[in-house]
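This chain uses plain numbering: 1 for the first residue, then up along the sequence.
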Amino acid sequence: MNPNHASYDVVIVGGGIYGSSIAWWLTQMAGFDGRVLVIEKDPTYARAATSLTNSCIRQQFSNPTNIAISQFGAEFIHNFQKFMGASDDVPALSLQNFGYLYLADTAAQADTLRESQQVQAQLGAGTQHMLRDEIAAAYPFYNLDDILAANHNRMNEGYFDGGTMFDCFRRMARKNGAEYLSDEVVAMTRVGTRVESVTLKSGATLSCGLVVNASGTRAAATARMAGLDIPVEARRRYTYIFDAAEPLDRDLPLTIDPSGVHFRTDGRYYMAGGGPDQDPAVDVDDFDADHSLWEEKFWPIIAHRIPQFERIKLVNMWVGHYDYNTLDQNAILGPHPEVSNFVFVNGFSGHGLQQAPAIGRGIAEWIAYGAYRSLDLAPFGVERVLRGEKFLEKAVI
């Protein structure tokens, strides 16, 4: 397939959840009529983070900007058909509100949870700070011998169908005029402070008004084509689906154990996930699994926290990647100060799917109008990365 034109106003490198969210939102920006091209190297999305995600959303962040982003995400899920134009081919989305439950086993962690709950409550989130007896009363299956406190929110927090959201972003963006191309950007021509063109693996060279880096774990390689650097690398994350010989009598919240392992209800089964103890950068095409981790790390932690899960059977597992921002594990957004038409949408470090509605909208606003209009996303700007200043967020999983 060849591109329809030799020049585009916006070239988006990467057609996953962010490339597609931005492309769709651009079609919703009043007065914007630019030509948009989304370039995706793998239209099957078989190993894309979008496809391998656990599809959850939470308001339990410590930073007000992240909380506001998730609150819009919940609003978007609840009103999905309305946002997408009330089209007959857009299904409704539902949000399974079993919530996140963060467990603390030290006084310092408990204090951090309490402080975060206060910030969340001020912004209208339904998070409750719970002491050990309160946790036991609500969820008697936990072993709480080493636990001091928890935070839990069952309002607009839990699991949703991220695959359907992604599919609709992509389909409706194309329906509204955005062009998708199965190809790969292999080079860029930069002249002074601007990227003038992108070169494709197929051999075509396309002129561009603006380039959006939405290439996930390949973000650093895409940036280097324009002579730029960002601290984003691929990190392995494991997901396990398991069955229990003795199922719980109620939904299991997405429980974040102090060890960092998390687990939750997943239909008739349960899902668990996390990273390896040694967490190096890996090649973007390396999805090899360490199969010993289930027996040696994940299952013992799960069985310790929920003794009823002593007898469980592994049903499925897969390895995905975080596009891991090594500076502060939060998004890197917006134009580069030295290359004004190169826009970053990278480094989400596991927060990406839930933040896609709000951040896709914000980047589309910046492209269309030169400014964020709905939420101020400037704190995520690439300038902080260049200065080495961290975006402070204590609730990173």
Side-chain angles (χ1 to χ4, degrees), residues 12-20 38-56 162-163 166 182-188 200-202 213-226 228-242 259-263 271-299 301 314-332 344-356 385 396-397:
I12 300 174
V13 185
I17 190 70
Y18 273 92
S20 295
V38 181
I39 303 171
E40 171 55 47
K41 70 186 296 289
D42 178 17
T44 72
Y45 298 94
R47 288 184 164 179
T50 299
S51 303
L52 300 175
T53 178
N54 295 164
S55 292
C56 289
F166 167 56
S182 177
D183 211 323
E184 182 178 356
V185 176
V186 295
M188 298 182 189
L200 306 183
K201 189 173 184 179
S202 62
N213 183 354
S215 49
T217 56
R218 290 175 167 81
T222 300
R224 283 195 292 271
M225 294 180 197
L228 305 173
D229 291 303
I230 52 169
V232 174
E233 59 191 34
R235 298 280 186 95
R236 285 192 188 93
R237 290 296 179 268
Y238 288 76
T239 298
Y240 301 94
I241 306 297
F242 62 92
S259 65
V261 171
H262 52 86
F263 31 91
M271 175 183 286
D277 291 331
Q278 301 299 317
D279 191 23
V282 298
D283 186 88
V284 294
D285 293 315
D286 181 358
F287 289 83
D288 290 344
D290 180 351
H291 293 283
S292 70
L293 283 175
W294 172 251
E295 292 284 346
E296 295 178 2
K297 176 181 179 177
F298 287 92
W299 176 59
I301 289 172
L314 190 60
V315 175
N316 193 14
M317 68 85 62
W318 62 86
V319 175
H321 287 166
Y322 274 7
D323 55 330
Y324 192 85
N325 172 4
T326 61
L327 176 67
D328 58 22
Q329 295 82 66
N330 277 273
I332 302 171
F344 292 94
V345 192
N346 307 112
F348 293 93
S349 308
H351 306 153
L353 196 84
Q354 64 184 299
Q355 296 189 327
V385 177
V396 173
I397 301 175

Using 0.5 Å steps for rounding, measure from the CD atom of Gln329 to the CD1 atom of Ile397. 12.5 Å

Is there a side-chain contact (heavy atoms from CB on, under 4.5 Å) between Leu200 and Val185 once you walk through the steps? CA-CA 5 Å; Leu200 306 183; Val185 176; 3.9 Å; yes

Testing the basics here: between Ser55 and Gly163, what is the closest heavy-atom pair and its distance to 0.1 Å? OG-N, 4.4 Å

With rounding to the nearest 0.5 Å, note down the distance linking CG in Asp286 to OG1 in Thr217. 11.0 Å

Going from CG on Asp285 to CZ on Arg218, what distance comes out if it is rounded to the nearest 0.5 angstrom? 4.5 Å

Least distance between heavy atoms, Leu52 atom then Trp318 atom: O-NE1, 3.2 Å

Candidate pair Tyr45 and Glu40, rule side-chain contact (heavy atoms from CB on, under 4.5 Å), full reasoning: CA-CA 9 Å; Tyr45 298 94; Glu40 171 55 47; 3.7 Å; yes

Check whether any side-chain heavy atom of Asn325 lies under 4.5 Å from a side-chain heavy atom of Pro231, and answer yes or no. yes

Using 30° and 60° as the class boundaries, would you call the ring planes of Phe287 and His321 parallel, tilted or perpendicular? parallel

Using a strict threshold of under 4.0 Å (side-chain N to carboxylate O), is an ion pair present between Arg236 and Asp288? no

Would you mind checking if Arg47 and Asp42 are paired as a salt bridge, meaning a charged N to carboxylate O distance below 4.0 Å? no

Heavy-atom distance under 4.5 Å between the side chains of Tyr238 and Asp290, does that happen here? yes

Contact check, side chains of Tyr240 and Leu293, non-hydrogen atoms, under 4.5 Å: yes

Asp229 versus Arg224: any side-chain heavy-atom pair under 4.5 Å? yes

Which heavy atom in Ala289 sits nearest to a heavy atom in Val319, and how many Å separate them? CB-CG2, 3.5 Å

Using a 4.5 Å cut-off on heavy atoms from C-beta on, say whether the side chain of Phe242 contacts that of Trp294. yes

Steps toward side-chain contact (heavy atoms from CB on, under 4.5 Å) verdict (Arg235, Thr326): CA-CA 10 Å; Arg235 298 280 186 95; Thr326 61; 4.0 Å; yes

Between Ser182 and Lys41, is there a side-chain heavy-atom distance shorter than 4.5 Å? no

Can you tell me how far the OG atom of Ser215 sits from the CG atom of Asp323, to the nearest 0.5 Å? 9.0 Å

Specify the closest pair of heavy atoms between Thr53 and Thr50, including all atoms of both residues, with the distance to one decimal. CG2-O, 3.1 Å

To the closest 0.5 Å, what do you measure between OG (Ser349) and CG (Leu327)? 10.0 Å

Ring centers of Phe348, Tyr18 separated by less than 6.0 Å: yes

Of the non-hydrogen atoms in Leu314 and Ile241, which two are nearest, and what is the gap between them? CD1-O, 3.6 Å

Within-4.5 Å side-chain heavy-atom neighbours: Phe344 and Leu228: yes

Between Asn54 and His262, is there a side-chain heavy-atom distance shorter than 4.5 Å? yes

Show the nearest heavy-atom pair for residues Gln278 and Pro280, with the distance to one decimal. O-CD, 3.1 Å

